[in-house]
Structures are given as C-alpha cells and as structure tokens.
Amino acid sequence: MPKMIVSIDEVVIKEVQLTKDRTTLGRRPYNDIVIDNLAVSGEHAVLQMAGGEVVLEDLNSTNGTYVNGKAIKKQPLQNGDSIEIGKYKIKFVGDNAVADFDKTMVVKARPAAAPQAVAASPSGFPSGAGDSVGMGAFHAAIKVLSGAASGREVPLTKVVTTIGKPGVAVAAITKRQHGFVVHHVEGAGNPTLNGAPIGTDPISLKNGDLIELAGTQMQFVQT
C-alpha cells in the first residue's frame, strides 16, 4: 500500500497510508493529510490513486507544490519521489517498495535512521502497530503512569513515535544513532520533560525521564 512520509527539518513527524482513491492534503482540518502551517494552503493538493498509479495534483495553491525540486501542476509519482510543500518534505513510498522501505526513510544527515513512524492512537498514546524493525543496541519504551492507559508500556521500535492528543498537544520521540530525543510537534499544550518545557528543538532522553503531555504522565525507560 502506498505511503506518504512527512518530515520537517529532517525529523519525520507522520506517516500516512494511501487507502482511498482520492486523498486531500492541506492546512484545513478536514483534509486527509493535515499540515498546519501558513505556507500550506487550506486545500493545497490532492493525490488520486487508480490502477496502481498515484497522481499528485496542485490545487492552485499559493506557494505551489514541488516534486524533486521542480514545481508541478499534475504529475504521476514514482517510488522515492520527494514532495516539497513549504518547509515540509513528503517522501512517496510506492506500493511495491516495502522491501526497500528502509532505504526510502534514510535521511542523508543520519545514515543509521530506520524506517516508519508510529502515529498516536485515538486515545492519544502510541498504537505500536506495524512491523518491528531492528534498532541496534538501543531498546526503549514509554510507560504510561496516569490516566486511562496507566500501566501500559509501549516499546519504541520505530524511528518516530508520536504521543499525545491531536489538536491538544503532540510530541514525537525519535530514534537516532546514539539514543532517543523528544520534541514538541503541534498543539497549544505545554509538554514537559522532568518539569521543564519541551520545545520544537529535539532534547535527548535518558532512562527514567518523566514526560507530561496533555495531562498524562509518562516515563521513558531504556535498557
């Protein structure tokens, strides 16, 4: 199944599977792929899937849609194509590219990066869905300490795991070559790490760190 992998400043923030014939992308919340940034038009572009082909069409957006550095109006996508919308980059992973998925996710500045992102579940906590991928010597998890999911422990087996409640506050924990980092992704909430605010700049995590997000306390555990 084709996938779109959204990143900003070399940090993957979400992964979206293309399951519909028509998938919209834009700033407005009713889009299938929402990018809440002023550089993105309310209805920016649409992805149409037919006969195994995915075609990207710009919807007369203000700042345009770029594929591999070139402005496009309507263009079929090939596996590995890089779509640029404002400061965001979206990697297109074709339907037959599962075996090469980890290559498509490698960021040049971080050659040890592994594939896939895990989006937060509707309850606001990592779903843990998807295939596990070897992460080297680092084994870590998030343990929920409060709320309805208290006691739940979710292994951090993906390159990016998003936590929180969409529309309230979302943070991302990213696996890097030498450990894990956390940063604030979206929402007006004020996530904290050991009582200190978490900003948009990645902060290194260590075993036992306490994260509070959207009123829920979590602990980072690394072995």
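Here, residue 1 is the first one in the sequence, and each next residue gets the next number.
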K.L.:
Report the distance from atom NZ of Lys89 to atom CD of Glu84, rounding to the nearest 0.5 Å.
P.N.:
5.0 Å
K.L.:
Is the number of heavy atoms from other residues, nucleotides or ligands under 6.0 Å of Lys143 NZ greater than 12?
P.N.:
no
K.L.:
Could you report the tightest heavy-atom contact between Pro2 and Met49, atom names first, then the distance?
P.N.:
CG-SD, 3.8 Å
K.L.:
Measure the CD1-CG distance between Ile72 and Asp81 for me, rounded to the nearest 0.5 Å.
P.N.:
10.0 Å
K.L.:
Kindly determine whether Lys74 and Val55 satisfy side-chain contact (heavy atoms from CB on, under 4.5 Å), including the steps that lead there.
P.N.:
CA-CA 7 Å; Lys74 188 174 183 178; Val55 177; 3.7 Å; yes
K.L.:
Looking at every non-hydrogen atom in both residues, tell me the closest pair between Gly94 and Asn79 and how far apart they are.
P.N.:
N-OD1, 2.9 Å
K.L.:
Can you name the ring-ring contact (aromatic ring centres under 6.0 Å, His included) partners of Phe220, sequence neighbours left out?
P.N.:
Phe180
K.L.:
Any pair with a residue in residues 39-57 that passes salt bridge (charged side-chain N to carboxylate O under 4.0 Å, His left out), sequence neighbours left out, goes on the list, sorted by first then second residue, please.
P.N.:
none
K.L.:
Got Met4 and Ile33 here, is their nearest side-chain heavy-atom distance under 4.5 Å?
P.N.:
yes
K.L.:
Is there side-chain contact between Leu213 and Ile163, with at least one heavy-atom pair below 4.5 Å?
P.N.:
yes
K.L.:
When hydrophobic residues are tied together by side-chain contacts of less than 4.5 Å, even through go-betweens, does Phe92 share a cluster with Tyr66?
P.N.:
no
K.L.:
Which distance, rounded to the nearest 0.5 Å, do you find between the CG of Leu47 and the CD1 of Ile90?
P.N.:
8.0 Å
K.L.:
Compare all side-chain heavy atoms of Asp36 with those of Arg27 and state whether any distance is below 4.5 angstrom.
P.N.:
yes
K.L.:
Please tabulate, one pair per line, all N/O donor-acceptor pairs under 3.5 Å involving side-chain atoms of residues 192-202, not counting sequence neighbours.
P.N.:
from	atom 1	to	atom 2	distance (Å)
Asn194	OD1	Leu210	N	2.8
Asn194	ND2	Asp209	OD1	2.9

K.L.:
Can a donor-acceptor pair be found, under 3.5 Å and without considering hydrogens, that links the side chain of Asn63 to the backbone of Ala39?
P.N.:
yes
K.L.:
For residues Val181 and Ile203: do they belong to one hydrophobic cluster (side chain heavy atoms under 4.5 Å, members Ile, Leu, Val, Met, Phe, Trp, Tyr)?
P.N.:
no
K.L.:
Side chains of Val16 and Ile5: closer than 4.5 Å at any heavy-atom pair?
P.N.:
no
K.L.:
Give the minimum heavy-atom separation between Gln217 and Ser146, together with the two atoms involved.
P.N.:
N-OG, 2.9 Å
K.L.:
Do you know which of Leu56, Ile35, Ile83, Leu59 makes side-chain contact (heavy atoms from CB on, under 4.5 Å) with Leu25?
P.N.:
Ile35
K.L.:
Please report the interatomic distance CD(Gln48) to CG(Leu77), rounded to the nearest 0.5 Å.
P.N.:
11.5 Å
K.L.:
Taking the side chain as every heavy atom from C-beta outward, state whether Asn207 and Val221 have any atom pair closer than 4.5 Å.
P.N.:
yes
K.L.:
For Val34, does its backbone N or O pair with a side-chain atom of Lys14 as donor and acceptor, under 3.5 Å?
P.N.:
yes
K.L.:
Please name all residues satisfying side chain to side chain contact (heavy atoms under 4.5 Å, CB included) with Ser61, sequence neighbours left out, ordered by chain then number.
P.N.:
Ser41, His44, Asp58, Thr65
K.L.:
Tell me if a side-chain donor or acceptor on Thr23 pairs with a main-chain N or O of Leu18 at a distance below 3.5 Å.
P.N.:
no
K.L.:
What residues, two or more places apart in sequence or in another chain, satisfy side chain to side chain donor-acceptor pair (under 3.5 Å) together with Thr24?
P.N.:
Asn31, Asp32
K.L.:
Under 4.5 Å between any side-chain heavy atoms of Leu156 and Lys175, yes or no?
P.N.:
no
K.L.:
OG/Ser82 to NZ/Lys91 distance, rounded to the nearest 0.5 angstrom?
P.N.:
5.5 Å
K.L.:
Minimum heavy-atom separation for Val185 and Ala171, please, with both atom names.
P.N.:
CG2-C, 3.9 Å
K.L.:
Which residues pass the side chain to side chain contact (heavy atoms under 4.5 Å, CB included) test with Asp21, sequence neighbours left out?
P.N.:
none
K.L.:
Kindly compute the distance separating NZ (Lys3) from OG1 (Thr19), expressed to the nearest 0.5 Å.
P.N.:
11.0 Å
K.L.:
Can you find a heavy atom in the side chain of Val144 that is under 4.5 Å from one in the side chain of Glu153?
P.N.:
no
K.L.:
Step by step, would you call Asn68 with Lys70 a side-chain contact (heavy atoms from CB on, under 4.5 Å)?
P.N.:
CA-CA 6 Å; Asn68 301 326; Lys70 296 181 179 180; 5.9 Å; no
K.L.:
Test of understanding: clusters of I, L, V, M, F, W, Y form through side-chain heavy atoms closer than 4.5 Å, transitively. Do Val40 and Val46 belong to the same one?
P.N.:
no
K.L.:
If you compare all heavy atoms of Gln219 against all heavy atoms of Gly208, which two are closest, and at what distance to 0.1 Å?
P.N.:
NE2-O, 3.4 Å
